[in-house]
Structures are given as structure tokens and as C-alpha cells.
Asks: 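Quick one: structure below, then a few questions.
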Amino acid sequence: MSSSTQNLIPQRHLGNTFGALFIGVIFAAILFGLSNIQAFVYFQSHKGTKVLFPKLAVVSLWIFDALHLFLIVHCVYYYLVVHYADISILTEMVWSFKLQIVIDVVIVYGVHLLYFHRICIFSKGRSRVLPIAVGVIIISGSGVGIALIWALYQCHMFSDLIKIEWAIFMSLGTIAFVDFVIASSLCYLLAISRTGFSNTDSMITMLMAYIINTGCLTSMCSLSVIITCAVMPYNFIFIGIDFLVAKLYVNSFLALLNARYFLEPATETDRSAEVHVRHNIYRPLAEVNVMASQDEET
């Protein structure tokens, strides 16, 4: 066994290696439970709608999220139960570890594309350049994710992860940059959708604050993986944090879909809504309808 492998998988102290993975799985399972609740809320609040694309997107995200959880649970179970105390196995990468990275990339860039879809809806009649620019950035970023997958499948031992740090840093840095671009674009489109009516403008302001907060949360998680990988490359703390990245993206998008359900003012009356529609003021809010209700089809 090489000295680098011995540094990466200590024979006595597994707390900051597979112990970190175990803790990461626990928090990932908690976030998966939260995404289940959000998916349930979404379908309960959209029983009567006939818009299929958002529902298919939610179902697809849930399936990939569940698959990701299964893979990381299998990974930890394989090392800590099936091959308990087998140091020679602990140094090798199991298939589920590599595949969960693939699912991670699919979820992250899938959510980016769903945000891009929202940007295309919001930008109708406002800007043609913005969605094109965001689309190019997202597609370019997906290439970095593919490079990470290719580099990962060249590795067979955990010690090989040190050799592909460049791919890890590039992919996570690109993800954080794309998050910033998407959040900035959505906030800009929401800002120019202000109507002058207090109820509508108040909801738009809350949505902007929410988008900024969720964008910062996912970006901070990605940056945390970069920092821990750079500072502590010989343990698995950065992998344990990386287990949470996909879960945070799924929850952030589902929460955005449910945002209007929770943020819609309870004091809004049917009469005020009719006034908004009659003066064509409700239309921007329909474009801001992050739950993809029937108003978005009209």
C-alpha cells in the first residue's frame, strides 16, 4: 500500500474519512425527506392544473434524487458493513461512488436547465439577449461537468482523487458561477416586472430575496467542497459535503415552485385580483408564477 493511500485511509482513525461519509449520508437523507414534503405540497396545490411540464420536472428530479440517495447509502454500506475493517477494500472506489457523481452532475445541470426555462418565460417581451447568454453559459458549464465524470472514471483508488483536483475545482467553481448568473438574471427580470401595486411588488421583492438566498446557499455548499478539498485533501470531509450539493439543488428548485403558495398574501381579495387582471397588471405576476399555474398558459 502506498504512503499516500495510508495517509488517505488511516488504519485506526476513520472518523474524518468514512465517518465523514456516514454523516454526509445522514444529512442527505434528511434533505431527501424535505424534498419529499415539498413535492407533496406541489402536487397537492396543483391538483386541478393541466400543465404537465412542471409536474414531469418534479417527478424526474425526485427520481434522480432518490437514486442519488440509494447510491451514497450503498457506497457507505459497502465500506462500513460488507467490508468492515478490510483496509485493502477501503482504498478502492466502488461503482456506486462513481455513479453517484454522475447523478450529481445530472441533477445540478438539470436544475440549471429548469431555471433557464423560467428565465425564457420571464424574458418574453423584455429581452432576447439575456436568455441566449444564460443558455450559452449553462451549456458551456455542462462541458466542465462531463470533464469531471471522465476524469473520475480514470481513477480506481481514492488516492487518485488528489490527481484530479483540477477537475473538482473547475466543476464546482463553474457551478457556483452559473448559480450567480441565474440568480442575477431572475432578479433582474423580476425587478423590471414591478407594477406599482403593493401586493404584486411585495411578492416580487420576497421572491427576489428568496432567489438570492437559495443561490447563495447552493454556491456556499459548492465553495465549501472546494475549500475542504484544498485544505484537507487526505480525508473525505469534502466528499461528505458534496453528498449534500444535489439535495440542496433539488430542494431549492422545489421550494421556488412552491414559493407563491407560501408567499401569496392572505389578505388579497377576489376584487383586487379582478382589478389587476382588468388593468393587465396581473400578467407580470403570472409570468412570475413560479408554480406554473394555468395563468402561465394564458
Side-chain angles (χ1 to χ4, degrees), residues 1-11 13-29 31 68-69 71-76 78-80 90-109 111-112 140-180 215-250 252:
M1 187 182 302
S2 65
S3 60
S4 61
T5 303
Q6 290 177 341
N7 289 333
L8 192 61
I9 310 291
Q11 297 186 15
H13 303 289
L14 298 176
N16 61 356
T17 52
F18 290 97
L21 296 187
F22 178 73
I23 295 174
V25 168
I26 293 175
F27 282 100
L31 291 175
H68 181 262
L69 180 64
L71 291 173
I72 61 178
V73 169
H74 174 271
C75 175
V76 174
Y78 177 84
Y79 290 116
L80 299 186
L90 295 182
T91 61
E92 300 175 359
M93 289 186 184
V94 66
W95 63 269
S96 56
F97 176 80
K98 296 181 179 181
L99 186 56
Q100 67 89 18
I101 297 294
V102 176
I103 301 301
D104 198 346
V105 172
V106 171
I107 290 175
V108 170
Y109 286 102
V111 171
H112 283 167
S140 300
S142 64
V144 179
I146 295 173
L148 172 64
I149 294 173
W150 176 84
L152 180 67
Y153 273 86
Q154 307 307 308
C155 302
H156 303 286
M157 311 287 287
F158 280 109
S159 57
D160 295 335
L161 291 176
I162 300 174
K163 302 177 183 178
I164 64 168
E165 282 185 339
W166 62 271
I168 297 174
F169 295 159
M170 282 184 60
S171 60
L172 292 171
T174 302
I175 289 173
F177 174 71
V178 173
D179 287 344
F180 171 78
C216 289
L217 181 61
T218 53
S219 296
M220 287 176 60
C221 187
S222 300
L223 293 176
S224 297
V225 178
I226 294 176
I227 294 172
T228 51
C229 181
V231 176
M232 298 174 287
Y234 292 104
N235 60 45
F236 292 165
I237 294 177
F238 69 96
I239 300 177
I241 299 175
D242 184 68
F243 283 172
L244 308 180
V245 173
K247 300 290 182 287
L248 288 176
Y249 272 91
V250 172
S252 67

Asks: Tell me every residue that passes side chain to side chain contact (heavy atoms under 4.5 Å, CB included) with Phe180, counting only those two or more places apart in sequence or in another chain.
Replies: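 Ser184.
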Asks: Indicate yes or no: at least one non-hydrogen side-chain atom of Ile237 is less than 4.5 angstrom from one of Ile241.
Replies: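 SC-SC contact between Ile237 and Ile241 confirmed.
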Asks: Can you tell me how the ring of Phe158 sits relative to the ring of Phe18, calling it parallel under 30°, perpendicular over 60° and tilted otherwise?
Replies: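 Ring orientation of Phe158 relative to Phe18: perpendicular.
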Asks: Please enumerate all residues that pass side chain to side chain contact (heavy atoms under 4.5 Å, CB included) together with Cys155, with sequence neighbours excluded.
Replies: Met93, Asp160, Ile164
Asks: Between Tyr234 and Ile162, is any pair of side-chain heavy atoms under 4.5 Å apart?
Replies: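 Yes, side chains in contact.
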Asks: Are the side chains of Ser159 and Thr91 in contact, using a 4.5 Å heavy-atom criterion?
Replies: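 A side-chain contact is absent here, since even the closest heavy-atom pair is not under 4.5 Å.
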Asks: Under the side-chain hydrogen bond (donor to acceptor under 3.5 Å, both in side chains) rule, collect the residues that match up with Thr218, sequence neighbours excluded.
Replies: Asp179
Asks: Measuring from Ser222:OG to Phe169:CZ, what's the distance to the nearest 0.5 Å?
Replies: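 One finds 13.0 Å between OG of Ser222 and CZ of Phe169.
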Asks: My understanding is that only residues two or more places apart in sequence, or in another chain, count here; which of them pass side chain to side chain contact (heavy atoms under 4.5 Å, CB included) with Leu223?
Replies: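 Checked Leu223 against side chain to side chain contact (heavy atoms under 4.5 Å, CB included); matches are Ala176, Ile226.
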Asks: For Leu161 and Phe238, work out which heavy atoms get closest and say how close.
Replies: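 Heavy-atom minimum between the residues: CD1-CZ, 4.3 Å.
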Asks: Is there any salt bridge (charged side-chain N to carboxylate O under 4.0 Å, His left out) pair reaching into residues 234-247, and which pairs are they, with sequence neighbours excluded?
Replies: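 For residues 234-247, and leaving out neighbouring residues, the salt bridge (charged side-chain N to carboxylate O under 4.0 Å, His left out) pairs sorted by first residue read Asp65-Lys247.
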Asks: Is Met220 atom CE crowded by more than 12 heavy atoms from other residues, nucleotides or ligands, each under 6.0 Å away?
Replies: no
Asks: Can you list the residues that meet the ring pair (Phe, Tyr, Trp, His ring centres under 6.0 Å) rule with His112, with sequence neighbours excluded?
Replies: Tyr109, Tyr249
Asks: Sequence neighbours left out, what passes side chain to side chain contact (heavy atoms under 4.5 Å, CB included) with Phe22? Give chain and number order.
Replies: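 Partners of Phe22 by the side chain to side chain contact (heavy atoms under 4.5 Å, CB included) criterion, ordered by chain and then number, come out as Ile26, Val76, Leu80.
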Asks: Can you tell me how far SG of Cys221 sits from CG of Leu244, rounded to the nearest 0.5 angstrom?
Replies: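 If I round to the nearest 0.5 Å, the distance is 5.5 Å.
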Asks: Going by the rule ring pair (Phe, Tyr, Trp, His ring centres under 6.0 Å), which residues pair with Trp95 if we only count those two or more places apart in sequence or in a different chain?
Replies: His74
Asks: So which heavy atom on Ile168 is nearest to which on Cys229, and how close?
Replies: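 Heavy-atom minimum between the residues: CD1-SG, 4.4 Å.
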Asks: When rounded to the nearest 0.5 angstrom, what distance separates NE2 in His68 from CD1 in Ile101?
Replies: 6.5 Å
Asks: In the structure I gave you, are the side-chain heavy atoms of Phe177 and Val144 within less than 4.5 Å of one another anywhere?
Replies: no
Asks: Find the distance between CG (Leu21) and CG (Asn16) and round it off to the nearest 0.5 Å.
Replies: 10.0 Å
Asks: In Å, rounded to the nearest 0.5 Å, how long is the span from CD1 of Ile175 to CG of Leu148?
Replies: 8.0 Å
Asks: What distance do Leu71 atom CG and Phe243 atom CZ have between them, rounded to the nearest 0.5 Å?
Replies: 10.0 Å
Asks: Are Phe236 and Phe97 an aromatic pair, judged by ring center distance below 6.0 Å?
Replies: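 Centroid separation for Phe97 and Phe236: 6.0 Å or greater.
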Asks: For Tyr78, what residues pass the ring pair (Phe, Tyr, Trp, His ring centres under 6.0 Å) criterion, not counting sequence neighbours?
Replies: His83
Asks: Other residues, nucleotides and ligands only: do more than 12 of their heavy atoms fall within 6.0 Å of CZ on Phe27?
Replies: no
